Amino acid sequence: MNNENQLINARKQKLKLLYDLGVNPYPKSVKRTHHISDILQNPDKFIENEEELYVVGRIRALRKMGKASFFHIEDKSGRIQIYIRRDEVGRENYKVFKKSDIGDFLQIKGKVFYTNTGELSVRAKKVKFLVKSIRPIPVVKEKRQDGKKVLYDQFADKEMRYRKRYLDLLLNPDVKDTFLKRSKIIKFMRNFLDEKDFIEVETPILQPMYGGAAAQPFITKHNKLDMELYLRIADELYLKRLIIGGFEKVYEVCKDFRNEGMDRTHNPEFTQIELYQAYADYNDVMDLVEEMLTNMSKEIFGKLQFEYGEYNIDLKTPWQRKPLLDLIEEYADINIKNMSPEEIIDFCEEKELELDVKTYGKAIDEIFKNLVEPNLIEPTFVIDYPKEISPLAKSKSDESRLVERFEVFIAGMEIGNAFTELNDPFDQRERLEEQVKNRELGDLEANEVDEDFLEAMEYGMPPTGGLGLGVDRIVMLLTDSHSIKDVILFPQMRKKD
RNA sequence: GGGCCAGUAACUCAGCCGGUAGAGUAUCGCCCUUUUAAGGCGAGAGUCGAAGGUUCGAGUCCUUCCUGGCUCACCA
């Protein structure tokens with residue numbers, strides 16, 4: 001018998017004793033007249049009226065004594081102390097109560113009062129089991145010291161926190177708070193876009209051909225069709241088909257999947273909001289991003305200033321908009337605009353920046369990532385990217401190597417990517433064919449030619465601005481989370497055992 | 001994939017130069033009618049991440065592997 005069984009067996013014993021006492025530890029009916037927060041917010045009302053009420057919740061702390069006990073129960077709204085006396089609930093009921101453990105769910109009938117030490121509590125008239133918990137929840141104790149909470153035996157093992165998120169949520173209140181904020185952030189973005197007459201749509205996750213981003217896909221198979229399918233790496237090409245189909249503003253809250261390495265800012269499945277707006281360009285999209293994120297910040301957090309680790313971030317608009325090449329000149333201290341592609345590639349080798357494909361675009365990208373990105377702390381729109389690494393963006397009319405594309409950075413983290421979408425079907429075909437060449441040269445993330453998409457574009461796509469926003473990363477920023485695992489409820493983990 | 005660190009009771013951790021496992025909390029029993037890290041007395045609880053190796057003897061040393069963290073690389 002191992003120790004877990006010892007603890008579990010103790011609880012199973014109590015379960016049996018409850019049955020012996022004629023108590024159903026998993027009853028169907030529940031009576032609740034108030035949430036715990038109702039009491040916390042207006043205790044005097046309940047005390048003056050001597051109102052009898054029913055509260056329910058999970059036992060989170062328990063101090064049993066011989067003929068009286070204190071415990072705390074918690075529902076979604078808060079936590080309150082319960083005082084129970086044998087002479088007030090009766091011998092039978094107290095005996096039932098004595099079988100309770102931390103983690104059990106109880107229903108309490110009682111009246112609100114203050115204890116001698118001044119803690120708002122409910123004086124039980126009757127307790128009823130709602131659920132007997134069989135497995136012990138780790139006990140985290142806390143003490144107030146100089147107004148600060150000191151935690152004892154905090155549930156801290158990261159692996160267990162991610163694998164058993166339900167325990168993490170129960171035992172680490174900040175975690176719950178982060179995910180409540182995540183929910184509000186996504187809800188805000190939806191509302192914001194809905195109010196601007198965007199249509200929310202759903203496009204295929206299982207795709208016969210993947211595209212819209214540079215990434216390696218997950219591959220799966222449809223048995224009946226005997227067909228290979230890919231989990232989408234982006235929604236882009238389908239959302240553009242909808243613009244072609246006559247929707248002028250569409251968005252999708254999308255899980256995308258990329259079969260790549262995982263680290264602090266990458267999880268194999270992650271959430272984006274992609275949106276496309278006809279008759280707009282990337283300047284309009286920059287305005288939209290600014291407006292959406294600052295309004296969101298004000299509404300949800302009541303402020304525009306954030307601490308993110310060592311950084312102080314201010315979302316106050318306007319955010320700076322700087323051409324990528326200017327930023328390279330600023331941070332890499334080279335005159336990149338006057339350098340030939342060969343010189344730029346040489347510069348990369350000098351700096352030991354590895355290039356899988358030796359092209360102008362890849363070289364610029366590499367310099368930017370290594371020498372510029374980490375410096376982009378304040379919100380910054382980096383504009384005008386090399387064409388070779390942006391096969392879906394429209395060329396800048398005055399500069400043939402560049403396209404109308406921006407990425408938005410905050411705290412050195414890329415949180416969004418947008419283009420004035422390429423809508424010239426001839427140019428688009430050329431660009432995709434160029435991608436295939438890169439693929440053959442070893443660029444595993446290069447796109448393939450999606451003939452169906454090209455055909456759609458040949459029918460005519462209006463001028464369009466498009467955007468992908470990294471929802472997980474935005475949540476990270478606004479909740480001061482430094483790993484994407486801390487903003488995804490069930491992050492990807494290796495199989496254990 | 002590389003480097004560093006970690007994995008010992010349900011939780012949080014200690015365990016020195018190698019001598020066969022320890023604390024607090026939790027659990028169980030007794031006492032306890034205003035406690036709050038409740039308290040007092042007593043008890044039980046471990047495949048020391050896994051597998052090999054060295055040794056008379058391994059939690060401890062060596063090798064490989066597993067899992068996680070940090071970091072570098074990779075990564076729209």
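What you see is a predicted model; the values in this text were computed from it and never measured. Sequence lines set the chain letters: A, B, ... in the order given, protein chains first and strands last, and positions in each chain run from 1.
- Pair check for B:rA26 finds none; no Watson-Crick or G-U wobble contact set falls under 3.5 Å.
- In this model, a side-chain donor or acceptor of A:Gln81 finds a partner on the base of B:rU35 within 3.5 Å.
- Note on A:Pro391: a base of the nucleic acid sits closer than 4.0 angstrom, heavy atoms only.
- Salt bridge absent: A:Asp168 and A:Lys164 never bring a charged side-chain N and a carboxylate O closer than 4.0 Å.
- Applying the 4.0 Å criterion to OP1 and OP2 of B:rA38, one finds that A:Arg63 has a side-chain N or O inside that range.
- Look at the C1' atom in both B:rU25 and B:rA45: the space between them is 14 Å, to the nearest Å.
- Distances from the side chain of A:Pro138 to the nucleotides B:rC11, B:rC70, B:rA76 place B:rC11 closest.
- The pair A:Glu252-A:Arg232 meets the salt-bridge criterion, since a charged nitrogen lies less than 4.0 angstrom from a carboxylate oxygen.
- Between A:Leu467 atom CG and B:rA76 atom C1' the separation is 13 Å, expressed in whole Å.
- In this structure, B:rC30 is classed as anti because its glycosidic torsion departs from zero by more than 90°.
- By the 4.0 Å N-to-carboxylate-O rule, A:Glu330 lies close enough to A:Lys322 to be salt-bridged with it.
- For B:rG7, the OP1/OP2 oxygens have no side-chain nitrogen or oxygen of A:Lys158 closer than 4.0 Å.
- The listed nucleotides are B:rA73, B:rC11, B:rU34; the one nearest the side chain of A:Asn370 is B:rA73.
- Contact annotation for A:Tyr162: backbone-only contact, meaning every heavy-atom pair under 4.0 Å involves sugar-phosphate atoms and none involves a base.
- A:Asp486 is listed as a side-chain neighbour of A:Tyr162, based on a closest heavy-atom distance under 4.5 Å.
- Comparing B:rC48 with B:rU20, their C1' atoms are spaced 11 Å from each other, to the whole Å.
- If A:Ser390 and A:Gly66 are placed on RNA chain B by their nearest nucleotide, the residue sitting closer to the 5' end is A:Gly66.
- The phosphate of B:rG69 has OP1 or OP2 within less than 4.0 Å of a side-chain N or O from A:Lys485.
- If you check B:rA38 for Watson-Crick or wobble pairing at under 3.5 angstrom, you find it has no partner at all.
- With hydrogens and angles ignored, no donor-acceptor pair under 3.5 angstrom links the side chain of A:Asp157 to the base of B:rG68.
- The ring pair (Phe, Tyr, Trp, His ring centres under 6.0 Å) test with A:Phe97 singles out one residue from A:Phe71, A:Tyr83, A:Phe129, and that residue is A:Phe71.
- The listed nucleotides are B:rU33, B:rA76, B:rC11; the one nearest the side chain of A:Met160 is B:rC11.
- Shown here, B:rC65 forms a base pair with B:rG49; the pair counts as Watson-Crick or G-U wobble because both key distances fall under 3.5 Å.
- Taking the C1' atoms as reference points, B:rG15 lies 50 Å from B:rA76, given to the whole Å.
- Ion pairing between a basic and an acidic side chain is recognised when a charged N comes within 4.0 Å of a carboxylate O; A:Lys125 and A:Glu52 show no such pairing.
- Among the heavy atoms of the strands, none lies under 4.0 Å from A:Ile137.
- Comparing B:rC70 with B:rC28, their P atoms are spaced 36 Å from each other, to the whole Å.
- Of the residues near RNA chain B, A:Lys369 and A:Met65, the one whose nearest nucleotide (by heavy atom distance) lies more toward the 5' end is A:Met65.
- Salt bridge status for A:Glu236 with A:Lys240: present, with a side-chain N to carboxylate O gap under 4.0 Å.
- Rounded to a whole angstrom, the distance from the C1' atom of B:rC56 to that of B:rG69 is 39 Å.
- For A:Asp263, counting side-chain heavy atoms from C-beta on, the closest listed nucleotide (B:rA73, B:rU27, B:rA76) is B:rA73.
- Distance check on atom P: B:rC4 versus B:rG19 gives 27 Å, rounded to whole Å.
- B:rC70: Watson-Crick or G-U partner is B:rG3, with both key distances under 3.5 Å.
- Salt bridge present: A:Arg321 and A:Asp287 bring a charged side-chain N and a carboxylate O closer than 4.0 Å.
- Donor-acceptor pairing under 3.5 Å, judged by distance alone, is present between the side chain of A:Arg123 and the base of B:rU34.
- For A:Phe419, the side-chain atoms get nearest to B:rA76 when compared with the rest of B:rU35, B:rA76, B:rG24.
- Side-chain proximity of A:Tyr83 to B:rU25, B:rU33, B:rG69: nearest is B:rU33.
- Of the candidates B:rC11, B:rA76, B:rG44, the closest approach to any side-chain atom of A:Glu414 belongs to B:rA76.
- Of the options A:Phe381, A:Phe368, A:Trp319, a ring pair (Phe, Tyr, Trp, His ring centres under 6.0 Å) to A:Phe409 is made by A:Phe368 and by none of the others.
- In this structure, A:Arg241 forms a cation-pi arrangement with A:Tyr238, its terminal cationic atom sitting closer than 6.0 Å to the ring centre and no more than 45° off the ring axis.
- In this structure, A:Arg135 atom CZ and B:rU27 atom P are separated by 16 Å, rounded to whole Å.
- Nucleic acid contact class of A:Ala10 (heavy atoms, under 4.0 Å, all strands): sugar-phosphate only.
- Taking atom C1' in both B:rG57 and B:rA21, the straight-line distance is 16 Å, to the nearest Å.
- Nearest to the side chain of A:Lys141, among B:rU27, B:rA38, B:rU33, sits B:rA38.
- For the OP1/OP2 pair of B:rU34 and a distance below 4.0 Å, the side-chain nitrogens and oxygens of A:Arg85 include no atom meeting the criterion.
- The base-pairing partner of B:rC32, taking Watson-Crick or G-U wobble contacts with both distances under 3.5 Å, does not exist among the strands shown.
- Using atom P as the reference point in both B:rG52 and B:rC41, the two lie 45 Å apart (nearest Å).
- Among the protein residues, A:Glu119 comes within range of the nucleic acid bases, having at least one heavy atom under 4.0 Å from a base atom.
- Atom C1' of nucleotide B:rA26 and atom CZ of A:Phe155 are separated by 14 Å, given to the nearest angstrom.
- One finds no side-chain N or O of A:Lys495 lying less than 4.0 angstrom from the OP1 or OP2 phosphate oxygen of B:rU67.
- Note on A:Arg264: a side-chain N or O is less than 4.0 Å away from OP1 or OP2 of B:rU71.
- At a threshold of 4.0 angstrom between heavy atoms, the contacts of A:Ala61 with the nucleic acid are absent.
- When the side-chain nitrogen and oxygen atoms of A:Arg11 are compared with OP1 and OP2 of B:rA10, none of them lie within a distance under 4.0 Å.
- Of the candidate nucleotides B:rG68, B:rC75, B:rU33, B:rG68 has the atom nearest to the side chain of A:Glu159.
- Each of B:rU25, B:rG68, B:rA76 was ranked by its minimum atom distance to the side chain of A:Arg494; first place goes to B:rG68.
- Using a 4.0 Å heavy-atom cutoff across all strands shown, A:Glu366 reaches sugar-phosphate atoms only and no base atom.
- Across all strands shown, A:Arg405 has heavy atoms under 4.0 Å from base atoms, whether or not it also approaches the sugar-phosphate.
- Summarising the geometry, the separation between CZ on A:Phe381 and C1' on B:rA76 is reported as 17 Å, rounded to the nearest angstrom.
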